[in-house]
**Student:** 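Sending over a structure as structure tokens; questions will come in a sec.
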Amino acid sequence: MEEKINREKYKTLGYNVLTLFLFLAIWTLAYWLIKSPFFPSPLMVFNAFLELLIHGDIEDVKLGMHIQQSLWRIFGGFAAACILGIPLGLLMGLYGRVYDSTKVLIEPIRFIPPVAWIPLVIVLLVGYFRFVFIIWLGAFFPIFIGTLLSVRGVNPLHIEVPKSFGASRFYIIRNIVLPSVLPEVLTSMRVGLGIAWECIMAAEMIGGERVGIGIMILKYAQLIRMDAIIVGIIVIGIIGFGLNEIFIFVEKRIFRWKEVVSI
Amino acid sequence: MEKELIDVDLSMKFDSLSVLENIRFKVHENEFLVIVGPSGCGKTTMARLLAGLQKPTSGHVTMRGESISPKVHNISIVFQEPSCIPWRTLWDDITMGLVIKGVDQSAIKKRAEEVIKLVGLDGFEEYFPKQLSGGMKQRVAIARAYATNPDLLLMDEPFGHLDAQTRYLMQIEIMRIWEKEKKTVVFITNNIEEAVYLATRIIVFSKLPARIKAEYRIELPRPRKLTTPEFLGVRSEVTEQCEVVER
Ligand SMILES: Nc1ncnc2c1ncn2[C@@H]1O[C@H](COP(=O)(O)OP(=O)(O)OP(=O)(O)O)[C@@H](O)[C@H]1O
Ligand SMILES: [Mg+2]
């Protein structure tokens with residue numbers, strides 16, 4: 001049994017490595033066919049990557065610094081979104097009245113794309129908090145709405161079981177509502193994190209700082225240095241992928257009780 | 001003399017839909033009262049009212065003279081729908097009522113081991129519901145309900161989802177437990193054979209809106225056999241009453 005699962009794992013890994021090689025092969029082929037100064041080969045991108053990593057960009061800022069700055073901003077905004085979104089979602093899910101009474105404010109704000117706030121935020125806020133605010137705006141609503149809806153989706157029967165034993169409201173929230181919504185809250189956090197990435201790029205490209213992945217891409221865009229731009233893009237993708245995998249790993253660990261349905 | 005435990009006298013509506021009309025009966029201590037009635041007539045509604053999970057539109061349900069409430073009275077209910085909590089292991093699920101009622105740790109452990117054995121689930125304590133069969137899950141719900149030693153045990157078609165054989169075994173089991181622990185049970189079913197096999201008394205509900213159509217005291221000796229002429233006689237008598245065309 002254990003052995004079979006392991007074999008499956010290696011097989012999947014093998015196929016993924018194969019996919020990667022195929023992709024690089026097609027890319028190289030395209031490079032040979034297109035032969036344009038604006039279309040770099042994988043090797044050129046790799047060299048640009050090494051250069052950015054070791055020597056830094058045109059302003060001598062190293063790739064690691066860019067990544068660190070962007071992650072730090074995401075962390076701030078994302079943490080703020082979770083700290084506000086989850087309790088507020090729980091509160092409004094449990095007490096429908098609060099949501100119904102504030103709907104007039106919440107719903108329209110929800111439909112304003114975070115990017116639309118950027119000009120305003122640039123004027124009103126400075127430095128780190130600009131980014132935190134934009135990311136917060138982007139990540140907050142998926143987390144908040146996801147949490148709110150998950151509370152409303154709790155199976156009423158699961159609530160009635162402790163209720164029939166005379167459980168307090170606190171017991172029910174602690175032992176039924178919270179564990180029941182946790183998987184969906186984590187999923188909405190994962191969605192929120194994805195949006196946080198979109199926001200950080202937009203914010204950095206407009207935000208007028210010197211360090212950050214988005215800014216790095218912008219610097220090289222002005223020079224039409226495609227190899228370095230692609231490094232930036234790939235770095236974004238890989239970090240996003242990594243963060244997502246961490247979430248999935250945690251989810252699997254916590255939710256041993258969940259039935260896994262495959263389609 | 002039978003000691004009265006519960007007094008029911010109520011009507012129940014959902015908006016304009018009248019579900020229970022002038023339902024009036026008493027439940028006595030240690031009796032095994034079975035309510036039968038056609039699907040959709042209001043049996044689950046009756047169970048929820050008896051559990052204090054719902055309030056009647058008019059009238060009352062009282063236990064020893066006090067309006068029934070899960071916070072005041074020691075009641076347990078086995079729901080018609082599968083009700084295991086997915087993220088709780090069998091052990092955590094079965095001990096839920098005991099924890100809520102503030103029983104101390106060592107007593108919880110002792111009682112839980114007892115009821116788990118009673119329903120034949122020992123060895124599965126750390127299993128999650130997804131790892132159990134349908135019948136096992138139902139037994140978890142039953143064990144959870146027994147665990148708190150309730151003054152009133154409500155069972156809403158508890159064997160409805162089980163196959164005939166498991167159902168039969170569960171009926172024998174429940175009888176054994178009732179004879180041993182002498183609880184007061186209100187058992188709901190739409191299966192007349194099951195009703196006659198288990199009941200000390202049967203109340204027959206009419207179809208929607210439900211009224212009490214008939215009441216039988218079943219005095220067949222135990223253990224009952226499904227095939228004796230006496231059993232079949234009582235069973236067809238109740239069946240006929242259930243089939244009477246309603247005016
Ligand atoms: N929460 C509710 N709101 C509105 N109508 C309800 C509600 N619960 C039950 N009803 C209605 O009350 C009637 C009786 O329902 P109930 O679940 O009590 O039937 P039942 O006798 O348990 O049926 P079954 O044997 O199929 O389980 C049905 O017509 C149903 O539509
Ligand atoms: Mg029912």
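Below, chain A is the first sequence line, B the second, and so on; all start at residue 1.
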**Student:** Given that the side chain runs from C-beta out, which part of Ile176(A) has a heavy atom under 4.5 Å from chain B: side chain, backbone, both or neither?
**Tutor:** both
**Student:** Should the heavy atoms of other residues, nucleotides or ligands under 6.0 Å from CZ of Phe249(A) be counted, would the total exceed 12?
**Tutor:** no
**Student:** Present all donor-acceptor pairs from chain A to chain B with distances below 3.5 Å, rounded to 0.1 Å.
**Tutor:**
| residue | atom | partner | partner atom | Å |
| --- | --- | --- | --- | --- |
| His158(A) | NE2 | Cys84(B) | O | 3.4 |
| Glu160(A) | OE1 | Arg48(B) | NH1 | 2.4 |
| Glu160(A) | OE2 | Arg48(B) | NH1 | 2.7 |
| Glu160(A) | OE2 | Arg48(B) | NH2 | 3.0 |
| Phe165(A) | O | Lys101(B) | NZ | 3.1 |
| Ala167(A) | O | Lys71(B) | NZ | 3.3 |
| Tyr171(A) | OH | Arg88(B) | NH2 | 3.4 |
| Asn175(A) | O | Trp87(B) | NE1 | 3.3 |
| Asn175(A) | OD1 | Arg88(B) | NH2 | 3.3 |
| Arg256(A) | O | Lys130(B) | NZ | 3.0 |
| Lys258(A) | O | Lys130(B) | NZ | 3.0 |

**Student:** Please report the shortest heavy-atom distance between Ile143(A) and Met189(A), naming the atom on each side.
**Tutor:** CG1-CA, 3.9 Å
**Student:** Give, as side chain, backbone, both or neither, the part of Pro129(B) having an atom under 4.5 angstrom from any heavy atom of chain A.
**Tutor:** neither
**Student:** Any side-chain heavy atom of Leu71(A) sitting closer than 4.5 Å to one from Phe75(A)?
**Tutor:** no
**Student:** Short question: side chain of Gln69(A), backbone of Gly212(A) - any donor-acceptor pair under 3.5 Å?
**Tutor:** no
**Student:** Could you tell me whether a side-chain N or O of Arg73(A) sits under 3.5 Å from a main-chain N or O of Phe131(A), the two making a donor and an acceptor?
**Tutor:** no
**Student:** Walk me through whether Leu49(B) and Leu20(B) qualify under side-chain contact (heavy atoms from CB on, under 4.5 Å).
**Tutor:** CA-CA 11 Å; Leu49(B) 288 162; Leu20(B) 301 169; 3.5 Å; yes
**Student:** Can you tell if the side chain of Ile109(A) reaches within under 4.5 Å of the side chain of Phe140(A), non-hydrogen atoms only?
**Tutor:** no
